Protein chains: 2
Amino acid sequence: MNASKPLISYKDVKAGVLARILRRDWPPGALLPTEEALAQDFGCSRATANRALRELARTGIIERRRRAGTRVALSRPEAAMLTVPLVRDEIERAGGAYGYALIERRETAADAALAVRFETAPGAPLLFVRCLHLSDGAPHQLETRWIALDAAPAAAREPFERVSPNEWLLTETPYDRIEHILTAAAPDADERARLALGPGEPVFVIERRTWRAGAVVTAARLSHPASRFRLISRTDWAA
Amino acid sequence: MNASKPLISYKDVKAGVLARILRRDWPPGALLPTEEALAQDFGCSRATANRALRELARTGIIERRRRAGTRVALSRPEAAMLTVPLVRDEIERAGGAYGYALIERRETAADAALAVRFETAPGAPLLFVRCLHLSDGAPHQLETRWIALDAAPAAAREPFERVSPNEWLLTETPYDRIEHILTAAAPDADERARLALGPGEPVFVIERRTWRAGAVVTAARLSHPASRFRLISRTDWAA
DNA sequence: TAGTGGTCTAGACCACGAG
DNA sequence: TCGTGGTCTAGACCACTAT
């Protein structure tokens, strides 16, 4: 007979281990069997068990240490994969017509505060750009951005009249590190006007910085009308 | 001579491929060599190249499809690993003294709106809990929570007078799926009072739902004073 | 020092999906 | 249809760290 055994997948092992954790066979803090033992239990190779455990560890549900073994995490921080969408994609995916308007663009030099944000010396050349992203004509995001001209000199030649800094940077200046800070805030007078905010309506602010080869390339403050903006994150451990 | 070749690690391949992408050797949209070709280039096995590419694909910087090959992503959504911290940990890590106060606890039944949120029928038994988390005596998070008693019957016997639902659920009721919705909002009168908000100060709201075996276990609205709350996410592709 | 996870290799078969 | 990624195996050596 050649209807031989279907091979066990790392997904099977993942699901099996997860099920046992959820069922409290292995409560928080419990020590799991070694990779070798699990491989035997499930009838797979150690490499397969390893991949299953590695992926579970990445989600934070288990913790692994050499020699000490693998344990069910005691208190798992609510790790969530968040996707901060590109403004244009986000608007178009929602069925809206994307609009863009440049407000201001000028070269400047870093003051003390900006020097800190850019991890550089005061006086460093920066490009300042302010613009608005609209959905069906309604303001959706106010973008206030600085670009380090040392790191991205090409920006000095880009007018940003038809292309947003957002998209231009994505195409022209790849980064290898990114930081997001999410806050709620009361709008200043300018934001209130430009975003056409209702009375008492706050803004949802995303502050973003990107690095390239250790240097800050750009810093931006992206503010959105609270009533029309939300970030959603869904995580499915089983899948 | 036995100082034989040090083996090439998947990390080497990852770094090498990333560097070439950042250097625009392979611009957005470009087709990368096959796993086999890369393995030869780098002098490693195909499995090693595979792991490197798989991990890069997970971050969204490249896209892989059978038969079509591997391409540099055209527009990468700003994927970010966000960690929503446990209130208590967050406060204590910041050096504050954690405080907890139960405000209200009562059993109830799902009305139409709650039935939708719980993906169940109206009338389903729920436990309603409202409480406050404090840092050095100052309000830090107002937690408004419903727990499905069908899914977590043990909650009916827990007074929640000393342990927050947050922590209790973490220990007692594991979940396999979680959803977060982040918004900014103007506070209602109750939030303003309980969170001791300044005039015009908005709240940062995290709405969280967790599932277990396809059923919603709990839904919570966690609101924080905007002036004292932020979420931070940092991602380093190179590392 | 010994045990556990971390990783690499060489070879193999399979599944998807572009052309 | 057939090339590319997806995955499994068996075996091996290494690196970290608890004891």
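Predicted model, so just to flag it, every value in this text is computed and none were measured. Every chain is numbered from 1 and lettered A, B, ... according to where its sequence line falls, protein lines coming before strand lines.
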Visitor: Can you check the B:R46 CZ to D:dT9 P distance for me, whole Å?
Guide: 16 Å
Visitor: Base, sugar-phosphate, or nothing for B:I8, non-hydrogen atoms under 4.0 angstrom?
Guide: sugar-phosphate
Visitor: Can you tell me how far C1' of C:dG6 sits from CZ of A:R64, to the nearest Å?
Guide: 9 Å
Visitor: To the nearest Å, how far apart are B:L32 CG and D:dT4 C1'?
Guide: 13 Å
Visitor: May I ask you to say whether A:R71 pairs ionically with A:E63, meaning some side-chain N is under 4.0 Å from a carboxylate O?
Guide: no
Visitor: Please say which of A:E92, A:E90, A:H133 ends up in a side-chain hydrogen bond (donor to acceptor under 3.5 Å, both in side chains) with A:Y98.
Guide: A:H133
Visitor: Rounded to whole Å, please give me the gap between CD in B:E36 and C1' in C:dA12.
Guide: 12 Å
Visitor: Specify the separation, in whole Å, of atom CZ of A:F42 and atom P of D:dC8.
Guide: 13 Å
Visitor: Counting only side-chain N and O atoms of A:K11, is one of them less than 4.0 Å from OP1 or OP2 of D:dT7?
Guide: yes
Visitor: How is A:R54 classified with respect to the nucleic acid when contacts are heavy atoms under 4.0 Å: base, sugar-phosphate, or nothing?
Guide: nothing
Visitor: Check whether any side-chain N or O of B:Y10 sits under 4.0 Å from OP1 or OP2 of C:dT7, and answer yes or no.
Guide: yes
Visitor: Dump every N/O contact between nucleotides 15-19 of chain D and the protein below 3.5 Å, one line per pair.
Guide:
from   : atom 1 : to    : atom 2 : distance (Å)
D:dA15 : O4'    : A:R66 : NH2    : 3.4
D:dA15 : N3     : A:R66 : NE     : 3.1
D:dA18 : OP1    : A:R65 : NH2    : 2.9

Visitor: Establish, with yes or no, whether the OP1 or OP2 oxygen of D:dG11 is under 4.0 angstrom from a side-chain nitrogen or oxygen of A:S45.
Guide: no
Visitor: Relative to the ring of B:F204, is the ring of B:H224 parallel (under 30°), tilted (30 to 60°) or perpendicular (over 60°)?
Guide: perpendicular
Visitor: How about A:L38 and A:L53: do any of their side-chain heavy atoms sit closer than 4.5 Å?
Guide: yes
Visitor: Establish, with yes or no, whether the OP1 or OP2 oxygen of D:dT9 is under 4.0 angstrom from a side-chain nitrogen or oxygen of A:T48.
Guide: yes
Visitor: With a 4.0 Å limit, can you tell me whether B:S9 has a side-chain N or O closer than that to the phosphate oxygens OP1/OP2 of C:dC8?
Guide: yes
Visitor: List the atom of A:A219, the atom of A:F118, and the distance in Å for their closest heavy-atom pair.
Guide: N-CZ, 3.7 Å
Visitor: To the nearest Å, give me how far apart CG (B:L38) and P (D:dG6) are.
Guide: 13 Å
Visitor: Does the side chain of A:T70 get closer than 4.0 angstrom to OP1 or OP2 of C:dT4 through an N or O atom?
Guide: no
Visitor: Where do A:C44 and A:A49 come nearest, in terms of heavy atoms and distance?
Guide: SG-N, 4.0 Å
Visitor: Using atom CD of A:Q40 as one end and atom P of D:dA10 as the other, report the distance to the nearest whole Å.
Guide: 11 Å
Visitor: Distance check needed: C:dA12 C1' versus B:E35 CD, whole Å only.
Guide: 14 Å
Visitor: Applying the side-chain contact (heavy atoms from CB on, under 4.5 Å) test to A:V129, which of A:W146, A:W168, A:F160 qualifies?
Guide: A:F160
